[in-house]
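Every value quoted in this text rests on a predicted model; they were computed, and no experiment measured them. Quick note on labels: first sequence line is chain A, next is B, and so on, each numbered from 1.
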Amino acid sequence: MSGPLSLWPEQASGYGGEIDLFVIAFTVLIAALSAPVFVVIVLFAAKYRRGRPADREHPQDRNVWLEVSWSIIPFFALIGFFVWSTDLFARLYHPPKDALEIDVVARQWMWKFQHPEGQSEINELHVPTGEPVKLVMASQDVIHSLYIPALRLKQDVVPGRYTVLWFNADKPGTYRLACAEFCGTDHSVMGGSFVVQTPAEYARWLQQSTVDRSLAAQGGALFRGRGCSGCHGPASTVKAPPLEGLFGKPVALEGGATIIADEQYIRDSILLPQKQVAAGYPAIMPTFENVLSEEDVLKIVAYIKSLGPGDLTQ
Amino acid sequence: MAETRSVAEPYRDARQQRDAAMLGMYVFLGSEIMLFGGLFAVAAVMRLLHPAEVVEASKALHVWIGAVNTAVLLTSSLFVALAVDCAKGGRRRGTGAWLFSAASLGAVFLAIKVYEYSLEHAEGLLPGLGAPLKVSTPVQRAFMDLYLVATGLHALHLLIGILLLLVIAIRAASGRLLLPERAIVPVTAGLYWHLVDVIWVFLYPILYLAR
Amino acid sequence: MTALQERPEQADRHDRGLSETDTERQSYLRAGHSLGSWFFTRDHKRIAILYLFAITAFFMIGGAAAALMRLDLLTSAGDLLTNEGYNRAFTIHGVIMVWFFLIPSIPNTFGNFLVPLMIGARDLAFPRLNLLSWYIFVLAGGFTLFVLIAGGVDTGWTFYTPLSSMFSHGNVVLAAVAVFIAGFSSILTGLNFIVTVHKLRCPGMTWDRLPLFVWAIYATSLILVLATPVLSITLVLIAAERLFGLGIFDPKLGGDPLLYQHLFWFYSHPAVYIMVLPALGVVSELVAAAARKPVFGYKFVAGSSIAIAVIGFFVWGHHMFVAGQSMYASAVFSFLSLAVAVPSGIKVYNWAATLYKGHISLDPPFLYGMTFIGLFVVGGLTGLMLAMLAVDVHVHDTYFVVAHFHYIMVGGTVSAFFGALHYWWPKIVGRTYPLVWGRLAAIFIFLGFNLTFFPQFLLGYLGMPRRYHVYAPEFQMLHVLSSAGASLLGLAYLMPLVYLTWSMRYGAPAGDNPWDATGLEWTTPSPPPKHNFDEIPVVDRPPYDYEIEMEGEDG
């Protein structure tokens with residue numbers, strides 16, 4: 001952290017550098033578009049000041065081509081930048097398949113991060129350099145927004161759905177992390193630090209943080225403890241869809257639609273079971289809305305994702 | 001709108017004053033459409049997000065009561081149109097009588113609506129009124145919330161319309177409203193009534209026939 | 001300046017202030033002295049004065065809340081206010097400034113005063129409705145103040161769900177009711193203007209001869225009438241959610257919190273244009289009068305007002321790029337937001353072109369006009385930056401956004417409001433004010449404004465989120481700069497209050513047309529009589545018909 005005055009934010013990823021480049025280029029464009037206006041106004045105000053002699057002869061009071069050109073030319077320049085920025089933005093929607101997944105639960109007024117090996121931390125997020133990291137985020141109460149200025153990234157965390165943020169940090173250091181969406185009384189202190197470490201340091205940090213089980217294993221315990229296995233288990237007499245190898249596969253729904261079984265689908269199936277009913281199964285699953293916390297749901301999702309074919313036999 | 005016998009202050013002649021009143025009412029109705037438009041947008045989003053459950057929820061509504069009410073309102077609009085016709089022809093009694101009939105049909109609509117609410121309340125479908133809810137899913141709950149807000153807001157508009165028509169009916173029948181010179185008064189009130197009617201014509205399929 | 005010779009009662013000027021001129025004796029200001037003659041008036045000019053008083057009061061209250069916030073932000077630990085107290089302060093600031101100052105500011109005061117005068121009418125189409133909207137407005141405003149100060153609301157002016165509906169412990173329902181009531185005032189005012197412009201134009205005042213200010217008010221009215229009801233229904237849904245546990249925005253009850261944001265911004269983005277379009281209209285008038293030249297490309301400038309109003313309805317999603325809406329929706333909204341830049345750009349370039357070879361005056365109104373152009377350009381172009389998706393991901397909900405919309409709302413709209421006040425003040429009260437003081441205030445406002453808000457662009461890019469009163473120490477220097485600028489700005493805003501009030505009694509009589517401008521409002525006496533025109537005028541020439549300028553003569 002620097003002194004009381006800084007003028008340019010720190011940068012912890014290549015993506016952040018690209019954003020900075022874009023912003024600088026765009027600033028040049030808008031300076032080019034606006035400078036003539038400022039110069040001309042000052043110039044005219046001086047030259048054609050009332051009472052000052054000057055040549056004021058001019059043929060007409062409008063010129064359609066001039067007007068059209070100064071509307072259209074800047075617009076084309078803007079479209080170029082639009083394409084550039086939309087391309088940068090679109091990348092945020094395509095996290096790499098092999099990204100390290102960290103679950104995030106936001107609530108008034110703290111952040112909880114859960115690493116796949118089961119380590120969890122509050123208001124602090126440790127990540128390794130050189131590896132894409134994908135955050136799957138849920139909110140327990142109101143809308144929050146995870147903001148990491150050094151990455152030039154933020155994403156709202158909305159109750160009732162998962163949102164995703166991914167990045168590839170490449171510069172070790174400690175940066176700020178904040179909540180950017182107003183979330184009530186202690187909004188301005190709902191922040192913390194974002195710690196980027198070399199892979200070796202990160203591995204050491206993981207080992208120091210004591211945990212008994214991985215996230216998926218904790219989810220598995222919940223899966224049995226909350227009675228999910230009673231219907232979804234192999235020995236069940238109830239007709240419930242099998243969950244082995246489900247994640248990432250298309251699911252045929254009652255009514256003919258098909259959906260990819262992603263995190264959101266699994267979450268909805270647990271909390272809003274009537275929303276999308278798998279074809280051929282009765283809509284008898286009860287909701288776990290008031291039974292499971294967002295953290296629990298994320299753990300069960302992690303468990304279901306970990307299930308390969310035939311894993312449920314245990 | 002000003003109901004003075006002569007042309008009121010900012011106007012040059014009666015025609016200009018009448019045109020202004022008509023345009024004012026049209027602009028107001030545009031505003032009303034946007035008000036209900038917000039609710040229609042909510043309904044559309046709900047339908048897109050949860051198609052199957054909205055269909056399910058809609059089936060719980062009393063479609064036939066809604067149908068009867070639609071017929072009642074459409075008939076009342078016909079009466080208002082007849083009243084406007086009488087007003088333009090200067091027939092005071094006819095204007096008053098048709099307006100009164102239309103307002104009565106409006107009251108019938110409200111009575112039926114209250115009966116329908118009481119049925120739904122007994123069935124545990126209406127939120128926020130103390131009775132235990134029997135809705136099966138959160139979406140059905142949200143749908144019933146929307147139903148209550150939309151029909152409640154519509155009923156409020158209808159109530160205002162009924163009062164408006166009654167006042168004009170009395171003034172027309174007693175001769176205090178000069179006809180046909182001030183026919184603009186029943187004409188603009190009639191426009192409002194037709195709009196409230198049309199809004200119901202949209203609400204009915206969106207809520208009751210979403211099955 | 002022919003106007004100088006036309007000033008009535010030159011002989012009395014040493015005795016000015018105490019003696020009432022003949023014009024004043026017959027003016028609307030002296031048509032009845034009782035309180036009742038003001039509070040039950042149907043004269044659009046008096047209603048405009050009533051609005052002027054009301055919004056000045058609200059501007060000061062909103063400004064006081066801002067002063068409190070800037071004071072608190074001097075230290076990074078936020079020592080002055082509690083967390084809750086700060087949240088309430090910015091909620092008061094936002095709610096009051098948006099709904100009770102900015103939205104009614106120019107339309108309800110200058111629109112009310114000028115639209116009938118400019119189109120040659122004796123009043124608005126529905127004078128009683130006009131008075132009713134003032135009462136609704138004051139009722140809603142008083143109620144809001146009571147709610148905000150007595151109970152407190154801590155949701156911000158945006159009332160985002162589910163914070164507002166399920167978690168806030170402030171008086172959200174009452175605040176929603178107050179804003180809902182204020183909406184009626186907006187709708188009725190907009191309706192009145194639309195009908196007036198359509199039906200009450202004097203003979204010869206065709207659409208292509210309407211002053212650009214009237215065009216802008218007309219476009220604004222369309223938005224008022226069509227967007228406000230959507231806010232109303234949204235507020236009804238929030239209140240129902242809090243009171244009866246309805247769940248249309250609550251994910252636990254099958255609702256969708258993003259739906260609230262869509263509905264809210266469907267109103268609130270056009271609301272930005274409600275605030276800025278009238279300002280653009282004012283500046284078009286100011287620029288033409290400053291240069292004493294016809295506005296360059298009248299049709300483009302008039303049409304661009306309508307274009308901004310229409311496109312403004314389709315860009316609301318640019319407030320939600322990081323809220324979780326689909327990528328494709330974001331791309332479309334980003335593109336449409338760029339499209340709004342085209343009509344806005346047309347206006348700015350055409351104003352600059354209007355100045356070309358004009359006779360440019362640097363009297364106070366025109367200085368405010370130029371202040372507006374400068375600040376509006378900065379605000380508009382940083383708005384383009386925000387419309388760029390990848391940049392918005394970084395600066396959304398930071399001080400960058402705060403700086404951007406203050407450049408538009410305060411640097412733009414408030415500057416134009418002061419420009420209008422200085423330009424039409426001689427018409428409204430019949431007296432002139434000291435021009436030197438007017439120029440000084442304009443310059444201080446420009447400097448104070450930039451010192452306040454430019455550092456906030458830097459803060460935002462550095463990553464300072466908005467609505468924070470406890471912040472990282474490295475931001476402190478910029479915050480101190482900003483607070484220093486705010487003190488200068490606050491004092492500069494108070495200056496006109498002093499010398500304009502002074503001028504009402506001690507200013508020299510203004511004469512009918514002190515700026516030597518065109519437009520029907522300048523053909524009436526200053527201040528105008530109650531009925532505006534003895535005879536309804538007939539227009540037979542184009543707008544901004546400054547003939548002498550075309551001949552190349554020097555002034």
Side-chain angles (χ1 to χ4, degrees), chain A residues 1-2 4-7 9 19 22-23 26 30 34 37 40-41 44-45 48-51 53 56-58 61-62 67 70-71 74-75 78 81-82 85-86 88-90 93 141-143 145 147 149 152-156 158-160 163 176 178 180-189 289, chain C residues 83-84 87 156 160 162-163 167 251-252 257 294 296-297 300 322-324 327 331 334-335 338 342 345-346 348-349 352 355-362 370 373-374 377 381 384-385 388-391 393-394 396-397 458 461-463 465 467-470 472-474 476-477 549 552 554-555:
Chain A
M1 302 265 161
S2 48
L5 179 67
S6 58
L7 294 174
I19 297 293
F22 179 90
V23 166
F26 196 71
I30 63 180
S34 58
V37 175
V40 150
I41 286 179
F44 289 172
Y48 303 115
R49 182 84 197 273
R50 195 169 290 178
R56 291 191 169 88
E57 202 134 7
H58 54 281
D61 72 326
R62 65 179 305 225
E67 289 170 64
W70 68 38
S71 343
F75 189 63
L78 283 180
F81 277 86
F82 167 76
S85 104
T86 306
L88 283 171
F89 181 73
Y93 282 79
D141 37 48
V142 304
I143 302 176
S145 184
Y147 180 29
R152 311 286 186 272
L153 287 180
K154 75 166 64 67
Q155 173 62 52
D156 284 7
V158 184
T163 51
R176 276 181 306 108
E181 181 65 64
F182 180 64
C183 58
T185 311
D186 289 341
H187 167 60
S188 59
V189 290
E289 178 77 53
Chain C
N83 291 354
E84 189 79 28
N87 296 344
Y160 266 24
L163 177 65
F167 291 89
K252 286 207 168 57
F296 185 89
F300 268 58
V322 297
M327 181 181 87
S334 167
F335 186 80
L338 297 184
V342 176
I346 288 178
V348 172
Y349 288 129
L355 295 176
Y356 176 63
K357 297 202 169 185
H359 293 256
I360 298 168
S361 158
L362 293 182
M370 289 173 195
I373 298 176
V377 165
L381 291 172
L384 286 182
M385 186 100 94
M388 294 293 169
L389 294 166
V391 184
V393 170
H394 175 43
H396 179 79
D397 269 332
L458 301 175
Y461 201 75
L462 282 170
R467 295 169 170 180
Y468 263 43
H469 84 127
V470 176
E474 71 240 43
Q476 188 173 9
M477 194 63 89
E549 317 316 317
D554 302 329

Minimal non-hydrogen separation, C/P465 against A/A178, with atom names: CG-CB, 4.0 Å

Proximity breakdown for C/M388 and chain A, heavy-atom pairs closer than 4.5 Å: both

Winner by heavy-atom pair count (cut-off under 4.5 Å) against chain A, out of C/V377, C/L458, C/L355: C/L355

Near-ring test C/F335/A/F82, centroid separation under 6.0 angstrom: yes

Inter-residue atom distance C/L163.CG - A/I143.CD1, 0.5 Å rounding: 8.5 Å

Contacts of C/L462 that satisfy side chain to side chain contact (heavy atoms under 4.5 Å, CB included) - sequence neighbours left out: A/S6, A/P9, C/F475, C/L478

Toward chain A, the part of C/F167 with a non-hydrogen atom under 4.5 Å: side chain

Leading residue by heavy atom contact count with chain C [cutoff under 4.5 Å; candidates A/D186, A/L88, A/I30]: A/I30

Over all atoms of both residues, closest heavy-atom pair of A/F26 and C/L381: CE2-O, 4.3 Å

Among A/I41, A/T163, A/V158, A/L153, residue most engaged with chain C (heavy-atom pairs, under 4.5 Å): A/I41

Shortest non-hydrogen contact from A/K154 toward C/V322: O-CG1, 3.7 Å

Side-chain (C/Y468) to main-chain (A/V189) donor-acceptor, under 3.5 angstrom: no

Test item: A/S85 and C/V391 side chains (from C-beta on) under 4.5 Å apart, heavy atoms: no

Nearest non-hydrogen partners of C/A323 and A/Q155, listed with the distance: C-NE2, 4.2 Å

A/F182 versus chain C, the contacting section by heavy-atom distance below 4.5 Å: both

CG on C/N83 to OG on A/S188, rounded to 0.5 Å: 5.0 Å

Segment of A/Y93 engaging chain C (4.5 angstrom heavy-atom cut-off): side chain

From CG (A/L78) to CG (C/L384), nearest 0.5 Å: 5.5 Å

Closest contact, heavy atoms only, A/P159 versus C/P162: CG-CG, 3.8 Å

Set of residues satisfying salt bridge (charged side-chain N to carboxylate O under 4.0 Å, His left out) with respect to A/D156, sequence neighbours excluded: none

Nearest heavy atoms of C/Y461 and A/R152, plus distance in Å: OH-NE, 3.8 Å

Contact leader toward chain C among A/F81, A/F22, A/F44, A/F75, where contacts are heavy-atom pairs under 4.5 Å: A/F44

Contact winner vs chain A - C/I373, C/L338, C/V348, heavy-atom pairs under 4.5 Å: C/L338

